[in-house]
**Q** 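Pasting a structure below so you can have a look.
For this chain, numbers begin at 1 and follow the sequence in order. Just so it is clear, the values below take in all heavy atoms, side chains as well, and ignore hydrogens, waters and symmetry mates.
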Amino acid sequence: KLSFKPQWDILAYDAVDVIVNIQSKDSVFTLEKLKNYLSGSETGKMVVLDGRTQTSTVRLLRDSLLKGRPFGKNVFATADSKQVVNYIAQNTNAIGFVGSGWVGDLDDPEQVAYKDKIRFALVECRICEAGTYAKPSQSTIAQGQYPLVRPLYFILKENANGLGTGFVNYMSLERGQLVFRRSYLVPAKIDFTVRKSTMESNKDLLK
């Protein structure tokens, strides 16, 4: 309905974390294994999500992993992400999928308290050597090692420089990008480069 084309871009990246009970024997999953649990073709574990239709976690799993196929009968929905974490903390035979913001904030006492009840599962890395798995973190997301990643977009429907444009500019520059970093997301507008290096000890300084 607009007479102009809205602007859009990616501001940051978030991840969907796979969590299991601290006592669970299974904490390493291939993507195929996760697909089988979500579709119900492989039983033996309950899968817990923060809904069944409308949440971004559900959409990512259905679109990216199941390619539109329905969830299996072993997939259950809770009212919100907090209930997913609580369920996993109390059940050893279940797998939960939640956004990183619900379990990755080391400055949140409530989330820190879960460290003795749940753990992050290792998920197969698509771009690594065969047999390589990764946990969700800012590092593994930035380097593309953790596969269950979702972008955070802005959509700007202004046809002139106004408040929305100013806010987008702020979130795209260093100060705004640091807000995402502090929220344990991965800034999309800041480049991260990994370089290999070697270190040699100076024997004279060690004397």
**Q** Does the pair Lys33 and Thr30 meet the rule for a side chain to side chain contact (heavy atoms under 4.5 Å, CB included), with working shown?
**A** CA-CA 5 Å; Lys33 193 82 167 179; Thr30 63; 3.3 Å; yes
**Q** Are the side chains of Thr57 and Arg150 in contact, using a 4.5 Å heavy-atom criterion?
**A**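 In contact.
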**Q** Any donor and acceptor pair, going by atom type alone, linking the side chain of Glu158 with main-chain N or O of Thr165 inside 3.5 Å?
**A**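 Judged by distance alone, yes, a pair lies under 3.5 Å.
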**Q** With sequence neighbours excluded, what pairs up with Asn36 under the side chain to side chain contact (heavy atoms under 4.5 Å, CB included) test?
**A**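 Scan of Asn36 (side chain to side chain contact (heavy atoms under 4.5 Å, CB included), adjacent residues dropped) gives Glu32, Ser41, Glu42.
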**Q** Please report the closest heavy-atom contact between Phe4 and Lys157, naming both atoms and the distance.
**A**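 What the structure gives for the nearest pair is CZ-O, 3.6 Å.
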**Q** Is atom CG of Asn161 surrounded by more than 12 heavy atoms (other residues, nucleotides or ligands) closer than 6.0 Å?
**A**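 12 or below, so no.
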**Q** In Å, rounded to the nearest 0.5 Å, how long is the span from CD1 of Ile88 to CE of Met46?
**A**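 Nearest 0.5 Å value for the CD1-CE distance: 8.5 Å.
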**Q** Take a 6.0 Å sphere around CD1 of Ile127 and say whether it holds more than 12 heavy atoms from other residues, nucleotides or ligands.
**A**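 Enclosed.
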**Q** Under 4.0 Å between a Lys/Arg side-chain N and an Asp/Glu carboxylate O for Lys82 and Glu110?
**A**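 Judged by the 4.0 Å cut-off on N to carboxylate O distance, Lys82 and Glu110 do form a salt bridge.
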**Q** How far does CG of Asp108 sit from CH2 of Trp102, to the nearest 0.5 angstrom?
**A**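 One finds 9.5 Å between CG of Asp108 and CH2 of Trp102.
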**Q** So, do Leu148 and Leu65 sit near enough that their side-chain heavy atoms are less than 4.5 Å apart?
**A**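 The answer is yes, as the side chains (C-beta and beyond) meet within the 4.5 Å cut-off.
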**Q** Please report the shortest heavy-atom distance between Gly101 and Asp14, naming the atom on each side.
**A**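 That would be N-OD1, 4.5 Å.
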**Q** Please check if atom CD1 in Ile155 has more than 12 non-hydrogen atoms from other residues, nucleotides or ligands closer than 6.0 Å.
**A**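 For Ile155, atom CD1 is not crowded (no more than 12 foreign heavy atoms under 6.0 Å).
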**Q** What are the two closest non-hydrogen atoms of Ser100 and Asp17, and how far apart are they?
**A**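 Closest pair (atom of Ser100, atom of Asp17, distance): OG-OD1, 2.8 Å.
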**Q** Can you tell if the side chain of Val85 reaches within under 4.5 Å of the side chain of Val98, non-hydrogen atoms only?
**A**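 They are in side-chain contact.
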**Q** Say whether, by atom type as modelled, one donor and one acceptor occur between the side chain of Glu124 and the main chain of Leu31 under 3.5 angstrom.
**A**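 The answer is yes, because a donor-acceptor pair under 3.5 Å joins these two groups.
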**Q** State, yes or no, whether a side-chain contact exists between Lys135 and Leu122 at a heavy-atom distance under 4.5 Å.
**A**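 Lys135 reaches Leu122 side chain to side chain.
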**Q** Between Lys45 and Asp26, is there a salt bridge with N-O shorter than 4.0 Å?
**A**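 So Asp26 pairs with Lys45 through a salt bridge.
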**Q** Run Val20 and Arg119 through side chain to side chain contact (heavy atoms under 4.5 Å, CB included) and show every step you take.
**A** CA-CA 6 Å; Val20 295; Arg119 58 176 165 169; 3.7 Å; yes
**Q** Is there a donor-acceptor pair under 3.5 Å between the side chain of Gln111 and the backbone N or O of Val103?
**A**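 Yes, Gln111 side chain to Val103 backbone: donor-acceptor pair under 3.5 Å.
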**Q** Using a distance-only test with no angle check, is there a side-chain donor-acceptor pair under 3.5 angstrom linking Ser27 and Ser24?
**A**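 Side chains of Ser27 and Ser24: no pair found under 3.5 Å.
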**Q** Return the minimal non-hydrogen interatomic distance between Asn91 and Asn21, and the atom names on each side.
**A**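 Closest approach of Asn91 to Asn21, heavy atoms only: O-CB, 3.2 Å.
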**Q** Hydrophobic cluster membership, with links at side-chain heavy-atom distances under 4.5 Å among I/L/V/M/F/W/Y: are Ile141 and Phe29 in one?
**A**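 Yes: a chain of side-chain contacts under 4.5 Å links Ile141 to Phe29.
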**Q** Regarding Asn86 and Tyr114, do their side chains bring together a donor and an acceptor under 3.5 Å, going by distance alone?
**A**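 Yes, a side-chain donor-acceptor pair sits under 3.5 Å.
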**Q** Do Val75 and Tyr87 belong together in a cluster built from hydrophobic side chains that touch within less than 4.5 Å?
**A**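 No: no chain of side-chain contacts under 4.5 Å links Val75 to Tyr87.
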**Q** Strictly by modelled atom types, are Gln23 and Thr92 linked by a side-chain donor-acceptor pair under 3.5 Å?
**A**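 Distance-only check fails for Gln23 and Thr92.
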**Q** For the atom pair CG (Leu66) and CZ (Phe71), what is the distance rounded to the nearest 0.5 Å?
**A**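 The CZ atom of Phe71 is 5.5 Å from CG of Leu66, to the nearest 0.5 Å.
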**Q** Transitively linked via ILVMFWY side-chain contacts under 4.5 Å: Tyr146 with Tyr133?
**A**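 Shared cluster, no.
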**Q** Could you grab the distance from atom CG of Asn159 to atom CG of Leu2, nearest 0.5 Å is fine?
**A**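 It is 9.0 Å, given to the nearest 0.5 Å.
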**Q** Give me the other members of the hydrophobic cluster that Met171 sits in, counting Ile, Leu, Val, Met, Phe, Trp and Tyr linked by side-chain heavy atoms under 4.5 Å, directly or via other members.
**A**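 In the cluster with Met171 are Leu11, Leu152, Phe154, Leu156, Phe167, Val168, Tyr170, Val179, Phe180, Leu185.
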**Q** Do NZ/NE/NH1/NH2 and the carboxylate oxygens of Lys189 and Asp9 come within less than 4.0 Å?
**A**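 A salt bridge links Lys189 with Asp9.
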**Q** Taking the side chain as C-beta and beyond, is there a heavy-atom pair between Asp107 and Arg182 under 4.5 Å?
**A**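 Result yes, sub-4.5 Å side-chain heavy-atom pair found.
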**Q** So Leu61 and Leu49, do their side chains get closer than 4.5 Å, heavy atoms only?
**A**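 The answer is yes; the side chains approach within 4.5 Å.
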**Q** Closest heavy-atom contact between Asn93 and Gly44?
**A**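 Minimum heavy-atom separation between Asn93 and Gly44: ND2-O, 2.8 Å.
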**Q** Decide yes or no for Phe97 and Asp50: does some side-chain heavy atom of the first lie under 4.5 Å from some side-chain heavy atom of the second?
**A**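 A side-chain contact under 4.5 Å is absent here.
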**Q** Check the hydrophobic clustering (I, L, V, M, F, W, Y; side-chain heavy atoms under 4.5 Å; chains of links allowed) and say if Tyr37 and Val16 are grouped together.
**A**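 Yes, it is one cluster - the side chains of Tyr37 and Val16 are joined through contacts under 4.5 Å.
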**Q** Please report the shortest heavy-atom distance between Ala121 and Pro136, naming the atom on each side.
**A**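 Of all heavy-atom pairs spanning Ala121 and Pro136, the closest is O-CD, 4.1 Å.
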**Q** Which distance, rounded to the nearest 0.5 Å, do you find between the OG of Ser39 and the CZ of Arg62?
**A**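 Answer rounded to 0.5 Å: 12.5 Å.
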**Q** With a 4.5 Å cut-off on side-chain heavy-atom distances among I, L, V, M, F, W and Y, is there a chain of contacts connecting Val186 to Val149?
**A**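 In one cluster with Val186: Val149, yes.
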**Q** Answer yes or no: is there a donor N or O on one side and an acceptor on the other, between the side chain of Gln138 and the main chain of Arg181, under 3.5 Å?
**A**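 A pair under 3.5 Å: yes.
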**Q** Classify the side-chain pair Arg59/Ser64 by whether it contains a donor and acceptor separated by less than 3.5 Å.
**A**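 There is no such pair between these side chains.
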